[in-house]
Amino acid sequence: MPELPDVEGFRQVLLTCRGRRSVTDVDVRDAGVLRGVSEERLRKELEGRRLGKAWRHGKWLFVPTGDGPTLVFHFGMTGSLRCCDQEEPIEAHDRIVLTLGGERLLCYRDQRKLQGVRLADSADVDRILEGLGPDALAVDRDEFLELLSGRRGAVKSALMDQSVVAGLGNLLCDEILWRARVAPRTSTRSLSEKTLRRIHAAMGRVLATSVRDGCVPPRRSWLTGRRDDSEPVCPRCGTSMRSTRIAGRRTVWCPHCQN
DNA sequence: CACACTACCTGGGGGC
DNA sequence: TGCCCCCAGGTAGTGT
């Protein structure tokens, strides 16, 4: 599920989970989501510390803990973060549950465990950021053109590459290219500057709406709202949409609008 | 270096 | 009903 807009929503969950209460309990219900940190160390480092102001880069979420290490979340394809009262039931996929201020629960839920939770010192944080391009929400037009220049492969592959631009995932890329009327397999190198600008503009609009909604909205007027139909048609022109695999991911596009 | 492909996990759905 | 295979909004590792 989580692409930039979803993770931005999880950041809001942290910011609004009743201020910055200190961690009073750390319940690791499935150590399979811990990356490079033991259950014992996670508990030791977090208990008694206050969660600072969360920040996000691409699909990564960073939570400083006062003078301690930074708590780092990545949500893979199925992760989420929620804040609830202690009375609410813990579900099977709630892998880590933090108690804040003795009363609120912060639950890291993730079915597939493709990614996970880690503790990072500042060097670790730098290492993560080094592998990422600029955040998709912060890339201006000129920088976008620069980032995509010299790329040979499919434009969708370039947009999906987190080291180029951070935050775009499979749904966002299809949505952006559909809105910009560019076929996903088009070689990046063959795109005119004008077309690249159109993609950048589409990225901005798609992200703005998606961040507001906390996800890429499955509206019927969007490609995302059609892609799971048994026989999807383009919301713009009614043409049957095509489906293929690019960069290992299912890719849906309109052969009429996007070419 | 740029790119493509697979493995890593779990669970839901379709076909037989 | 059970089993098997495929698929799913991500990334790291490996090979070309």
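For clarity, every value in this text was computed on a predicted model and none was experimentally measured. Chain A is the first sequence line, chain B the second, and so forth, proteins listed ahead of strands; every chain is numbered from 1.
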Student: Answer whether the closest heavy-atom distance between the side chains of A:Trp222 and A:Pro235 falls below 4.5 Å.
Tutor: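 A side-chain contact is absent here, since even the closest heavy-atom pair is not under 4.5 Å.
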Student: Let me know the distance between CG of A:Asp161 and P of C:dG10, rounded to the nearest Å.
Tutor: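 Atom-to-atom, A:Asp161 to C:dG10, this comes out as 13 Å.
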Student: How many whole angstroms separate atom CG of A:Asp228 from atom P of C:dC7?
Tutor: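 Answer to the nearest Å: 14 Å.
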Student: Whether the side chain of A:Arg205 engages the backbone of A:Leu207 through a donor-acceptor N/O pair (distance < 3.5 Å, no angle test) should be reported.
Tutor: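 No, A:Arg205 side chain to A:Leu207 backbone: no donor-acceptor pair under 3.5 Å.
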Student: Any base atoms under 4.0 Å from A:Asp6, or only sugar-phosphate, or nothing? Heavy atoms, all strands.
Tutor: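 Answer is base: heavy atoms of A:Asp6 come under 4.0 Å of a base.
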Student: For DNA chain C, what is the dot-bracket line, given that a base pair needs Watson-Crick (N1 to N3, plus N6-O4 or O6-N4) or G-U wobble (N1-O2 and O6-N3) geometry with both distances under 3.5 Å, and | means paired with another strand?
Tutor: .|||||||.|||||||
Student: How far apart are the C-alpha atoms of A:Arg185 and A:Thr244, what are their side-chain angles, what is the distance that settles it, and do they pass the side chain to side chain donor-acceptor pair (under 3.5 Å) test?
Tutor: CA-CA 10 Å; A:Arg185 187 104 56 189; A:Thr244 187; 3.1 Å; yes
Student: Under 4.0 Å between a side-chain nitrogen and a carboxylate oxygen: does that hold for A:Glu40 and A:Lys44?
Tutor: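 Looking at A:Glu40 and A:Lys44, the cut-off is not met.
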Student: With a 4.5 Å heavy-atom cut-off, do A:Glu88 and A:Leu105 have their side chains touching?
Tutor: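 A side-chain contact is absent here, since even the closest heavy-atom pair is not under 4.5 Å.
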Student: Under 3.5 Å, side chain of A:Asp174 to main-chain N/O of A:Thr224, donor-acceptor pair present?
Tutor: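 The answer is no, because no donor-acceptor pair under 3.5 Å joins these two groups.
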Student: Would you indicate what A:Arg227 reaches in the nucleic acid, counting non-hydrogen atoms under 4.0 angstrom: base, sugar-phosphate, or nothing?
Tutor: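 Counting heavy atoms under 4.0 Å across all strands, no contact is made by A:Arg227.
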Student: Is the shortest distance from a Lys or Arg side-chain nitrogen in A:Arg127 or A:Asp124 to a carboxylate oxygen in the other one below 4.0 Å?
Tutor: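 Yes, this pair counts.
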Student: Quick test of your reading of the model: are A:Asp94 and A:Arg82 salt-bridged, counting only N-O distances below 4.0 Å?
Tutor: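 Between A:Arg82 and A:Asp94 there is a salt bridge, with a charged N closer than 4.0 Å to a carboxylate O.
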Student: Of all the nucleotides listed (C:dG10, B:dT10, B:dA4), which has the minimum atom distance to the side chain of A:Lys113?
Tutor: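 Among C:dG10, B:dT10, B:dA4, the one nearest the side chain of A:Lys113 is B:dT10.
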Student: Going by an N to O cut-off under 4.0 Å, is there a salt bridge joining A:Arg179 and A:Glu175?
Tutor: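 Looking at A:Arg179 and A:Glu175, the cut-off is not met.
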Student: Are A:Leu148 and A:Val206 connected in a single hydrophobic cluster, I mean Ile/Leu/Val/Met/Phe/Trp/Tyr linked by side-chain heavy atoms less than 4.5 Å apart?
Tutor: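 They do share one cluster, since a chain of ILVMFWY contacts under 4.5 Å joins A:Val206 to A:Leu148.
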Student: If I take atom CG in residue A:Leu159 and atom C1' in nucleotide B:dA2, what distance separates them, rounded to the nearest angstrom?
Tutor: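 A:Leu159 atom CG is separated from B:dA2 atom C1' by 15 Å.
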Student: Roughly how many Å apart are C:dT14 and B:dC9, using the P atom of each and rounding to a whole number?
Tutor: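 One P to the other, the span is 15 Å.
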Student: Could you walk me through whether A:Phe73 and A:Phe10 pass ring pair (Phe, Tyr, Trp, His ring centres under 6.0 Å), step by step?
Tutor: CA-CA 10 Å; A:Phe73 293 100; A:Phe10 303 148; 9.2 Å; no
Student: Nearest whole angstrom, please: distance from the C1' of C:dG10 to the CG of A:Asp110.
Tutor: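 Answer to the nearest Å: 10 Å.
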Student: What parts of residues 184-222 of chain A reach DNA chain C, counting only heavy atoms under 4.0 Å away?
Tutor: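 Here the set is A:Cys215.
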Student: Between A:Ser157 and B:dA4, is there a contact of a side-chain N or O with OP1 or OP2 at under 4.0 Å?
Tutor: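 Indeed, a polar side-chain atom of A:Ser157 lies that close.
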Student: State yes or no: do A:Leu4 and A:Phe75 share one hydrophobic cluster built from I, L, V, M, F, W and Y residues joined by side-chain heavy-atom distances below 4.5 Å, directly or via other members?
Tutor: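 No, separate clusters.
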Student: Taking side chain as C-beta onward, heavy atoms only, is A:Arg226 less than 4.5 Å from A:Arg220?
Tutor: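 Touching, per the 4.5 Å side-chain cut-off.
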Student: Any residue in residues 144-154 of chain A with a heavy atom nearer than 4.0 angstrom to DNA chain B? Just list them by number, or reply none.
Tutor: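 A:Arg151, A:Arg152, A:Gly153 - these, ordered by number, are the residues of the stretch whose heavy atoms sit under 4.0 Å from the strand.
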Student: Between P on B:dT6 and CD1 on A:Ile246, what's the gap in Å once rounded to a whole number?
Tutor: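 Going from A:Ile246 (CD1) to B:dT6 (P), I get 16 Å.
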Student: Do A:Asp25 and A:Glu47 have side chains that get closer than 4.5 Å, going by heavy atoms?
Tutor: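 Yes, at least one pair of side-chain atoms sits under 4.5 Å.
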Student: Apply the hydrophobic cluster definition, ILVMFWY joined by side-chain contacts under 4.5 Å directly or through others, and give me every member besides A:Leu129.
Tutor: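 A:Trp55, A:Trp60, A:Phe62, A:Val72, A:Val125, A:Ile128, A:Leu132, listed by chain and number.
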Student: Is the phosphate of C:dA8, meaning OP1 or OP2, less than 4.0 Å from a side-chain N or O of A:Arg112?
Tutor: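 No, because none of the side-chain N or O atoms of A:Arg112 sits under 4.0 Å from OP1 or OP2 of C:dA8.
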Student: When the distance from CZ of A:Phe10 to P of C:dG9 is rounded to whole Å, what number comes out?
Tutor: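 Answer to the nearest Å: 15 Å.
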Student: Give the intermediate values and the outcome of disulfide (SG to SG under 2.5 Å) for residues A:Cys17 and A:Cys83.
Tutor: CA-CA 6 Å; A:Cys17 195; A:Cys83 174; 2.1 Å; yes
Student: In B/S/- notation, 5' to 3', how is nucleotides 11-16 of chain B contacted by protein heavy atoms closer than 4.0 Å?
Tutor: S-----
Student: Salt bridge or not for A:Asp6 and A:Lys59, using N-O below 4.0 Å?
Tutor: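 A salt bridge is absent here (no side-chain N lies under 4.0 Å from a carboxylate O).
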Student: Mind calculating the distance between CG (A:Leu223) and C1' (C:dG9) to the nearest angstrom?
Tutor: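 Taking atom C1' of C:dG9 as the reference, CG of A:Leu223 is at 13 Å.
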Student: Between protein and nucleotides 11-16 of chain C, map the contacts as a letter string: B base, S sugar-phosphate only, - none, heavy atoms under 4.0 Å, written 5' to 3'.
Tutor: S-----
Student: B:dC9 P sits how many Å from A:Tyr108 OH, rounded?
Tutor: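 Nearest whole value for this atom pair: 14 Å.
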